[in-house]
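Everything on this sheet refers to the single structure shown next.
So you know, we letter chains A, B, ... as the sequences are listed, proteins then strands, and number each from 1. Side chains included, hydrogens not; waters and symmetry mates left out as well; all remaining heavy atoms used. All of these numbers come straight from a predicted model, not from anything done at the bench.
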Protein chains: 2
Amino acid sequence: MKENSVPEATVARLPLYLRSLVDMTERAVATVSSEQLAEAAGVNSAKVRKDLSYLGSYGTRGVGYDVEYLIYQISRELGLTQDWNCMIVGVGNLGRALANYRGFGSRGFRVAALVDSDTAKIGGRVGDLEIEDFEDLERIAKERQVSIGIITTPAAAAQGAADRLVSAGIHSILNFAPALIQVPDDVSLRKVDLSIELQILSFYEQRKAAFDSVRRARRLTGSAARSTRP
Amino acid sequence: MKENSVPEATVARLPLYLRSLVDMTERAVATVSSEQLAEAAGVNSAKVRKDLSYLGSYGTRGVGYDVEYLIYQISRELGLTQDWNCMIVGVGNLGRALANYRGFGSRGFRVAALVDSDTAKIGGRVGDLEIEDFEDLERIAKERQVSIGIITTPAAAAQGAADRLVSAGIHSILNFAPALIQVPDDVSLRKVDLSIELQILSFYEQRKAAFDSVRRARRLTGSAARSTRP
DNA sequence: ATTTGTGAATCGGTTCACAGCG
DNA sequence: CGCTGTGAACCGATTCACAAAT
């Protein structure tokens, strides 16, 4: 049953399914069941079926899903039948690493511009791209039809970078800076925050260490073990 | 009311609160209400209160929370009163960038080792660390008491890297490789996947573009606008 | 016979709204 | 009076379980 509004959680899993499906074509798999796709993507099969049902009825009962066709449908849903130009704002270690990241462009994304406000960096090159002046952001974004802004500035500069991206008419932003940034309602913002991820791991690591030490002390081997896993 | 089991969603927000609180001490703020902290962290105040209530009753009714004391309690809960040693597996662009990332170590995390299987890289240096042989991973992890493994290998090598980290007794892994990896139940695994983030943005970007073009075509300015936002 | 697609049940998490306390 | 802490209501997402399809 085709409808609009795919749940957010489903959208976040579609890229996972897509990756698994692409892997399968490389191993010349033609058809896949929800069970097999679930296994490959690391989820359960009910979730796969429900997720795919939001896109339409693309499976065949008793058979499964045609891999190629499903790749096409998911790609279309995700907007990957066109290319998207990205601009990296802030060319430090991370910005440079992302600019060089191969397989970034592999699925429809292209780094079209690098900007920085450090005059010592402007004019320098990363791969075949020149580092340009942050002040020219709006012009560059318009000229190169940039749709996605990637912020890799220090935390203190992140909000300013976001403001300029928004004023350049960009409404999709990926923020790597360890800072909360505010954008208008019509702008999509996603964040990747290394230190937050490490802190989350630290929480569970600590909990495991505590539990282990209790176990060691009490010599209890397999009883009343309340789960310590996320 | 103090209990065990802090919900996963709460754990993921504690680092956010912590960052906001640290910012506040720098601006010499002594006390904060759930309303103010919510604003700073970009969530709502009911969530702040409920989240903090899982840690204990650390607020004062009619007053708010003591900033310093709350920093201490959250840090303790997150296991940040001790330092954690990390090992980066795979020293490509991204591994190198993370190794150089300042403010990484700022809150209790230290890059204690870099390993790679490329003999051309082994023996090289990144900052003050030497790149060591992937084959020596277990020994290095033990010697330096590494608790957290960070995978920045190509996708094809990621599972192998994870297996070796697990066999070295590490049970916290942060995976940057664009690949699904399997780990035992007692290992915490978090993933950061650039291309998935971009694909999610692409989905919403496409949806916005579609809506905009309808708007442009029909010249409707403010009616019956079904939400297009995540 | 097999596997999809989906209502219904369930679960975790969010928000509401107010009692309880400083 | 103001703000926390928390039951209760609510909501989105997950899982169950089975009827429908081939």
Side-chain angles (χ1 to χ4, degrees), chain A residues 1-17 21 24 29-67 69-70 73-74 77 200 203-204 226-227 229-230, chain B residues 1-14 16-17 20-21 24 29-67 69-70 73-74 77 200 203-204 226-227 229-230:
Chain A
M1 191 213 50
K2 181 61 173 289
E3 269 296 334
N4 60 355
S5 86
V6 180
E8 214 172 320
T10 296
V11 173
R13 278 187 300 268
L14 292 178
L16 231 57
Y17 301 148
L21 291 164
M24 285 171 188
V29 178
T31 288
V32 70
S33 69
S34 59
E35 197 64 62
Q36 295 168 312
L37 181 52
E39 151 105 52
V43 302
N44 71 48
S45 64
K47 211 180 265 182
V48 168
R49 290 198 299 280
K50 183 135 282 192
D51 283 343
L52 295 182
S53 80
Y54 291 116
L55 315 192
S57 289
Y58 298 138
T60 307
R61 288 164 199 243
V63 179
Y65 302 87
D66 180 87
V67 175
Y69 187 54
L70 201 49
Q73 290 298 345
I74 294 177
E77 192 71 28
I200 295 169
F203 174 88
Y204 292 108
R226 69 174 189 346
S227 168
R229 264 279 298 167
Chain B
M1 193 213 50
K2 179 62 173 285
E3 269 296 335
N4 61 354
S5 86
V6 180
E8 215 174 318
T10 296
V11 173
R13 278 188 298 268
L14 292 178
L16 230 57
Y17 301 147
S20 299
L21 290 164
M24 285 171 189
V29 178
T31 289
V32 70
S33 68
S34 60
E35 195 64 64
Q36 295 169 312
L37 181 51
E39 151 105 50
V43 301
N44 71 49
S45 63
K47 210 179 265 180
V48 168
R49 290 197 301 278
K50 184 136 283 190
D51 283 342
L52 295 181
S53 79
Y54 291 115
L55 313 193
S57 289
Y58 298 139
T60 308
R61 291 165 199 242
V63 178
Y65 302 88
D66 181 87
V67 175
Y69 186 55
L70 199 49
Q73 291 297 345
I74 294 177
E77 192 73 29
I200 295 170
F203 174 87
Y204 292 108
R226 67 172 191 348
S227 167
R229 263 279 297 167

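Rounded to whole Å, atom P of C/dT3 lies 14 Å from atom CG of A/L37. Atom-to-atom, CD of A/E8 to P of D/dG12 comes out at 11 Å; the value is rounded to the nearest Å. Put simply, CD on A/Q73 is 12 Å from P on C/dG5, counting in whole angstrom units. Distance OH (A/Y58) to P (C/dG5): 11 Å, rounded to an integer number of Å. Distance CG (A/L70) to C1' (C/dT4): 13 Å, rounded to an integer number of Å.
One finds a side-chain N or O of B/Y65 lying less than 4.0 angstrom from the OP1 or OP2 phosphate oxygen of D/dG5. B/S34 has no side-chain polar atom (N or O) that falls below the 4.0 Å cut-off from OP1 or OP2 of D/dC3. Taking only side-chain nitrogens and oxygens, A/T60 never comes nearer than 4.0 Å to OP1 or OP2 of C/dT4.
Every residue meeting the side-chain contact (heavy atoms from CB on, under 4.5 Å) condition with A/A12, not counting sequence neighbours, appears here in chain and number order: B/I200. B/L16 pairs by the side-chain contact (heavy atoms from CB on, under 4.5 Å) definition with A/I196, not counting sequence neighbours. For B/R13, the salt bridge (Lys or Arg N to Asp or Glu O under 4.0 Å) partners two or more places apart in sequence, or in a different chain, are B/D51. Residues passing the side chain to side chain donor-acceptor pair (under 3.5 Å) test with A/Q36, sequence neighbours excluded: A/S33.
For residues 43-52 of chain B, proximity to DNA chain D is found at B/R49, B/K50, defined as any non-hydrogen atom under 4.0 angstrom from a strand atom.
Listed by first then second residue, pairs satisfying salt bridge (charged side-chain N to carboxylate O under 4.0 Å, His left out) with a partner in residues 30-47 of chain A number zero, not counting sequence neighbours.
Taking the screw axis at each terminus of the helix from C/dA1-D/dT22 to C/dG22-D/dC1 from five consecutive base pairs, the angle between the two is 0° to within rounding of 10 degrees.
When each of A/R13 and B/S33 is assigned the nucleotide of DNA chain D bearing its nearest heavy atom, the one mapping closer to the 5' terminus is B/S33.
Listed candidates were C/dT6, C/dG22, C/dT4. Nearest to the side chain of B/R61 is C/dG22.
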